[in-house]
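Okay, structure first, notes after.
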Amino acid sequence: MTWIHSPEPWMLDTVAEALGLQRERVEHLSRHRTLRFRMYRGLFYALLRREVADYPEGTVVVFGRGWWRLVKGYPSIKRMVLPSVALPRHFLDKIIVEEKMNGYNVRVVLIDGRLYAITRGGYICPYTTRRIERLYGEKLKTLLEELGPEDHVVAGEVVGLRNPYTRYYYPEAPHFGYFVFDIFRGGQPLPPGERNAAVEKHGLSHVRLLAVLDKTDVEGFKKIIEALNREGREGVVVKDPEYRVPPLKYTTSHTNIGDIRYGMRFFMEEGRSFLFSRILREIFRAHEEGLEGHRLLQLATELGMAIFEPSLETVRKIAAGDLVYEEFEIEADTREEIDELLEHLAELGVDVVLAGVREEDGKLVATLRKMKDTAVQVRKILETGISPMD
Ligand code: ATP
Ligand code: MG
C-alpha cells in the first residue's frame with residue numbers, strides 16, 4: 001500500500017511551508033483528502049487534488065531529508081471557440097501556433113539523480129516513470145542536469161496506444177512517445193524558442209511548431225486548422241513567443257466529433273461528460289463558418305451518427321449477452337512492472353483486470369480490461385425497461 005493515511009506532523013509542516021499556507025489550513029485539506037500523501041520507491045510526496053490558493057490541481061510537494069521540492073500543477077489552458085475574436089483580443093503581436101497532441105500530460109522531474117513522471121492529477125505514475133526512463137532516461141537526465149534539476153520541470157504529452165490513460169494513434173509514435181511542450185524554470189515556462197533549442201540539443205522531441213503568425217492573421221490560422229482536420233489531428237495550442245500572456249487552445253471538428261463517437265461507446269460515463277462541451281464547440285464553429293443548408297446537414301448527420309452508432313452497438317451487444325469493457329495494451333520489461341501498474345490503478349479506484357501477457361520484440365505486452373459502469377446500467381435498463389434519468 002502506498003497511501004499514507006495519517007501523515008506525520010512534519011509532513012504537514014513541510015506542505016504549509018512549501019505552499020505558504022497556515023498549518024490549520026493544511027490539516028483541513030488533509031482531513032478532507034484534498035491533500036493526499038503517498039510514497040513511491042521510498043520517495044514521500046503530497047499532492048493537491050484540486051486548485052488551492054492559486055496552486056493548480058496536481059501540485060506536488062516532494063519530501064526529502066531536510067529539504068522539500070515544490071512541483072506546481074500544470075495550468076489549465078483556456079479554450080477558444082471563436083478564434084477570429086479570441087486571437088486578436090488575447091494576444092499582443094505575434095503568435096506561435098503549436099500542435100496540440102492528444103495523449104496525457106506528464107511532468108518529468110529529476111530528484112536525487114532519478115527521474116519521476118507525474119500525471120496531471122499529481123500522481124507519480126510507476127508505468128510512465130519506467131517507460132520514460134527506459135526510452136528517454138539519459139536524454140532527459142542530461143537536459144535537466146544542464147538546466148538545473150532543482151528548479152526545472154519538463155512538461156510534455158505521452159501519446160500512442162500503449163498506456164493506461166489516453167489512447168490515440170500517432171504514426172510518429174504508435175505505441176509510446178513523449179513530446180515536450182513546456183519547460184518550467186522556477187515555475188515559469190520558457191519561451192517556446194528557447195524550449196525547442198534545449199529539447200533538440202539533447203535529442204528529445206517536442207510538439208511541432210506549425211507557424212509563427214501575426215495575431216490578426218485569422219486566415220492563416222484557419223488554413224492550419226483545416227489541414228490538421230484533414231489529417232485527423234487534435235488541434236493547436238497558441239502561445240505568445242515570450243509567454244507574456246497565457247496560451248489558448250483550439251481543437252479540430254474531427255476531434256470534437258471523434259471524442260463524442262469514442263465517448264458514446266460508454267455513454268453513461270464518458271459520453272455524458274463529453275457531449276455538451278463538444279456540441280458547444282461545434283455550435284460556434286458552425287456560426288463562425290456560416291454553415292447552412294447542405295453543409296449544416298452534413299455536420300448534423302456526422303454528429304448524430306457519432307452519438308447513435310457507438311451507443312447502439314453497446315446496447316445491442318449487452319442485449320445479446322456479450323461483455324462490454326474497454327480493452328487496451330501496455331508494455332513492460334518485467335512482470336513486476338505490470339503488477340506495479342495494476343496495483344497503482346487499483347489504489348486509484350480504477351477497475352482493471354489483466355487479460356493476458358505475451359512477448360514481443362523482447363518486451364512484455366499485457367492486455368488489460370477496464371470494466372465499465374455503462375454495462376451495468378444498460379443491463380438494468382434492458383431488464384426493467386425504466387430509465388435511470390428523467
Ligand atoms: P485543461 O482544460 O485543464 O487545460 P484538459 O485535460 O481538458 O485540461 P486538454 O483539453 O487536452 O486538457 O488541453 C490541455 C492539455 O493539452 C495540456 O494539459 C497538455 O497535456 C496538452 N497539450 C498537448 N499539446 C500541447 C502543447 N503544444 N502545449 C501545451 N499543452 C499541450
Ligand atoms: Mg488532452
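Heads up: numbering here begins at 1 and tracks the sequence. All ligand and atom numbering here is 1-based and tracks the order in the structure.
- K100 NZ, 3.2 Å is the protein heavy atom nearest to atom 9 (P) of ligand 1.
- At least one heavy atom of R79 lies less than 4.0 angstrom from ligand 1.
- In summary, the atoms of ligand 1 found under 4.0 Å from a heavy atom of V207, numbered by their order in the structure, are 27 (N).
- Of the polar atoms of I77, at least one N or O is found under 3.5 Å from an N or O of ligand 1, judged by distance alone.
- In this model, no donor atom of one side chain and acceptor atom of the other lie less than 3.5 Å apart for R265 and S311.
- Of the N or O atoms in M101, one or more lie within a sub-3.5 Å distance of an N or O in ligand 1.
- A donor atom on one side chain and an acceptor atom on the other are not found under 3.5 Å apart for T129 and R114.
- Atom 25 (C) of ligand 1 has as its closest protein heavy atom F181 CD2, 3.6 Å.
- Counting heavy atoms only, E157 comes closest to atom 21 (C) of ligand 1 of the residues E157, E57, K78.
- One option in R120, K239, R208 has a heavy atom closer to atom 8 (O) of ligand 1 than any other, and that option is R120.
- Both tests pass for K372 against the ring of F266: distance under 6.0 Å to the centre and angle within 45° of the axis.
- Not one N or O on the side chain of R285 forms a donor-acceptor pair closer than 3.5 Å with the backbone of S253.
- Cation-pi geometry between R33 and W3 is met: the NZ or CZ atom falls under 6.0 Å from the ring centre, inside 45° of the normal.
- Y168 and Y170 have their aromatic ring centers within a separation under 6.0 angstrom.
- Counted by atom type alone, E234 and T255 present zero donor-acceptor pairs between their side chains at under 3.5 Å.
- Taking only nitrogen or oxygen atoms, main chain and side chain alike, N105 reaches within less than 3.5 Å of ligand 1.
- Nearest protein neighbour of atom 29 (C) of ligand 1, counting heavy atoms only, is Y74 OH, 3.4 Å.
- Side chains of N256 and T251: a donor on one and an acceptor on the other come within 3.5 Å.
- No N or O atom of Y104 sits closer than 3.5 Å to an N or O atom of ligand 1.
- Side-chain atoms of Y243 and D182 include a donor-acceptor pair closer than 3.5 Å.
- Of all atoms in ligand 1, listed by their number and element, those nearer than 4.0 Å to a heavy atom of S76 are 1 (P), 2 (O), 3 (O), 4 (O).
- From the protein, the heavy atom lying nearest to atom 7 (O) of ligand 1 is K249 NZ, 3.9 Å.
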